[in-house]
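Input: a single structure, listed below in structure tokens.
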Amino acid sequence: MAPLRWPRHDHSHHPTASGPDGASPGSPASSGGNTVWLASYPKSGNTWFRAVFTAWQTGEAVDLNQLGTKDTSSIASSRMRIEEGLGVVSSLLTADEVEQLRPRADEVADAGFHAPHLCKVHDALFTGAGGEPIVSVAATRCALYVVRDPRDVALSYANHNQWDVARVVAEMADERHTMARSTKAPSNQVPQRLGTWSEHVTSWLDDAPFAVHVVRYEDCIANPVATFTTALRFAGFDADEASVAAAVDLTRFDRLAAQEATDGFRERPTNTGRFFRRGEAGGWRDELDPDLAATIVGDHASVMHRLGYLDDTDIAGLDSTSSNVPGGSGSPR
Amino acid sequence: MSGDQPTTPAPDGPQVPHRLPDALVRQPLIEVSADRAVLRLPGAGRMLVTTHDIVEAPAPGRGHGALAPLADPALALQWLLRGVPTVRAASVASNGRGVLLSGTGPVGTSTIAAALVQRGWQMLGDAVAPVIVADGTISVVPTTDTLGLWPDALEALGLDAELGQPIRPGVAKRAVTAGELEASGKPPGDSATDDSATGDSPSDDVAAVLGPLPVPVDMVVLVRQSNHDPLGAAVYSGTKAFTAVDRSSWHHAIALALHGSTGHLAWSSAMATGTRIVRVTVPRRGDPTEAAALVAGISDGTIEVAPA
């Protein structure tokens with residue numbers, strides 16, 4: 001995957017951009033637009049964040065099937081968003097043309113807002129065929145990057161796509177991994193290049209030409225009010241802990257799961273049993289095959305360590321010649 | 001897709017401008033003045049649209065199909081310049097009753113239209129449906145007899161996945177004519193086409209002079225694809241119907257600029273009150289022939305639909 005050739009943003013005043021332990025950086029200076037990218041690898045908590053945000057905005061229980069149908073929370077890769085913004089038939093465009101035009105669609109969508117608004121995105125932040133990031137920098141205010149232990153992601157992603165977990169683990173290590181890439185029948189989203197899980201994380205955390213705040217799924221579980229409040233303030237929303245606490249209560253996992261059971265959830269793929277499956281951190285410990293867990297660690301150790309998913313003891317037990325091990329002979333930056 | 005729309009390749013020169021100095025609307029790929037529009041696709045070329053012509057200027061080295069993604073938007077702009085808004089819809093007719101199948105994105109409108117053609121319906125258009133509101137009558141102008149269909153859709157219709165012609169190099173979607181669909185069709189079970197009412201053969205001489213005759217619109221079907229819901233339908237009315245129709249028009253912001261908000265809203269309102277607005281939910285990867293049978297049944301009154 002081509003890395004960004006963009007000047008890197010100075011994250012020095014946004015400590016959470018380079019690790020999970022920093023204090024709230026407050027709201028960043030806008031990059032020019034009002035779009036707040038809610039970026040994540042799939043099955044990392046993006047939907048939960050959007051549900052909390054919607055409940056916080058409205059002060060009411062969330063209708064899951066309305067997520068993404070309003071102006072906030074739409075996904076950057078939506079064909080409808082691109083076609084309505086540009087007046088072109090997206091299904092007749094080549095993948096390169098789509099990548100070239102997506103930032104323009106972002107700008108059209110962003111022009112309709114005079115205040116910060118969220119937009120979901122699953123793409124890695126790569127340089128598109130037009131030579132610029134896949135999302136428009138001009139339309140961007142900042143990004144919230146939601147990240148989750150890849151061992152839990154693997155299980156959830158396997159359930160979501162009804163794939164064998166081993167296949168998901170392999171896809172998460174494949175730099176060519178792309179969502180919605182069928183050429184026989186297009187989906188309602190354009191293809192999205194994810195790259196490997198590690199590439200996805202570092203593309204947003206290290207290469208973004210705008211401010212990025214990390215939201216760990218595990219922190220959302222352990223300390224939801226503080227985690228969501230900090231993130232919303234970073235994005236420029238005037239959030240206080242009392243209103244966020246109310247939103248968190250309205251979107252408790254058991255409530256969302258019950259709503260899915262009663263009303264269904266339109267974002268759930270056809271063959272998937274449940275979208276809201278466990279809603280836990282660390283569920284991989286009793287569910288993931290140990291060999292596959294070890295494979296994930298081997299593939300992503302450096303980034304997992306950086307995000308607190310592996311400690312120094314874990315790292316010490318790994319093969320130091322691996323390029324994915326921090327301090328290893330082939331260690332990436 | 002606008003397969004029948006005559007386009008003129010532009011000779012070298014400034015015939016297709018890059019910009020319109022007198023543009024009323026400027027969008028990333030489209031500029032529109034009171035009497036012209038320019039569309040551009042980076043790397044592929046440009047198109048100039050006037051009320052009477054659509055001129056293509058492919059980029060150097062780009063050949064057939066390079067500008068296909070702009071063909072339908074250009075046709076819709078041409079009708080807007082003529083004063084006629086268009087619905088983003090495939091259009092078909094049976095016994096003189098026009099039905100628009102509308103939806104944004106690949107939700108299967110063309111596939112359902114193709115299944116109806118296989119049942120003996122007449123094809124009027126794909127993707128661009130110019131709708132004329134005059135003297136209390138709402139009618140759609142036929143634009144093409146060619147549908148754009150994906151290989152999966154062709155297979156779902158029981159057809160060869162390589163039927164028709166490729167639309168654009170590198171894109172699997174194919175252009176399939178109504179004749180090819182009719183040749184493959186099943187015996188009509190629910191309807192027969194009344195050609196005299198749909199502007200077909202008895203009117204060919206007239207059509208040759210005036211262009212295809214408009215067909216009265218009986219129903220607008222809003223196709224919604226679902227991962228989980230079964231095939232079903234519901235009638236929209238009031239604000240819901242108005243909003244759905246208004247949102248289904250091509251180039252909404254340009255229509256407002258060219259026709260004024262009052263003019264465009266009057267058009268949407270006439271559509272919403274003068275036709276039946278029916279939402280049809282189709283299961284993703286469902287059988288398009290079942291969806292076509294539902295639409296046919298609603299159209300001829302053999303299937304009743306409850307309000308949404």
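Just so it is clear: chains get the letters A, B, ... in the order the sequence lines come, proteins before strands, and each one is counted from 1. Side-chain atoms are counted along with the backbone in the values below, which use heavy atoms only and exclude waters and symmetry mates.
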Can you tell which part of A/Ser90 gets under 4.5 Å to a heavy atom of chain B, answering side chain, backbone, both or neither? neither
At a heavy-atom separation under 4.5 Å, does A/Leu101 approach chain B through its side chain, its backbone, both, or neither?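 Side chain only.
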Where on B/Ala253 is there a heavy atom nearer than 4.5 Å to chain A: the side chain, the backbone, both, or neither?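 Neither the backbone nor the side chain of B/Ala253 comes within 4.5 Å of chain A.
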Work out which heavy atom in [X] is nearest to a heavy atom in [Y]; give both atom names and the distance.
| X | Y | value |
| --- | --- | --- |
| B/Arg88 | A/Val88 | NH2-O, 4.2 Å |
| A/Ser187 | B/Pro106 | O-CG, 3.1 Å |
| B/His251 | A/Gly87 | CE1-O, 3.9 Å |
| B/Pro42 | A/Gln100 | CB-NE2, 3.5 Å |

Might you confirm whether atom CZ of A/Arg252 has over 12 heavy atoms from other residues, nucleotides or ligands at distances under 6.0 Å?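 Yes, enclosed.
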So how far is it from B/Arg247 CZ to A/Glu84 CD, rounded to the nearest 0.5 Å?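 Result: 6.0 Å between the selected atoms.
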Go through A/Gln189, A/Arg104, A/Glu83 and name the one with the most non-hydrogen pairs under 4.5 angstrom from chain B.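 Ranked by heavy-atom pairs under 4.5 Å with chain B, first place is A/Glu83.
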Using a cut-off of under 4.5 Å for heavy-atom pairs, which of A/Thr94, A/Ile82, A/Leu93 has the most such pairs with chain B?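 Looking at each option in turn, the highest pair count goes to A/Leu93.
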Would you mind reporting whether B/Lys173 and A/Ser91 have side-chain heavy atoms less than 4.5 Å apart?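 The answer is yes, as the side chains (C-beta and beyond) meet within the 4.5 Å cut-off.
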Would you say that A/Glu97 contacts B/Leu41 through its side chain, given a criterion of any heavy-atom pair below 4.5 Å between the two side chains? yes
Mark yes or no for whether B/Arg168, through its side chain, and A/Leu92, through its backbone, hold a donor-acceptor pair below 3.5 Å.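 Yes.
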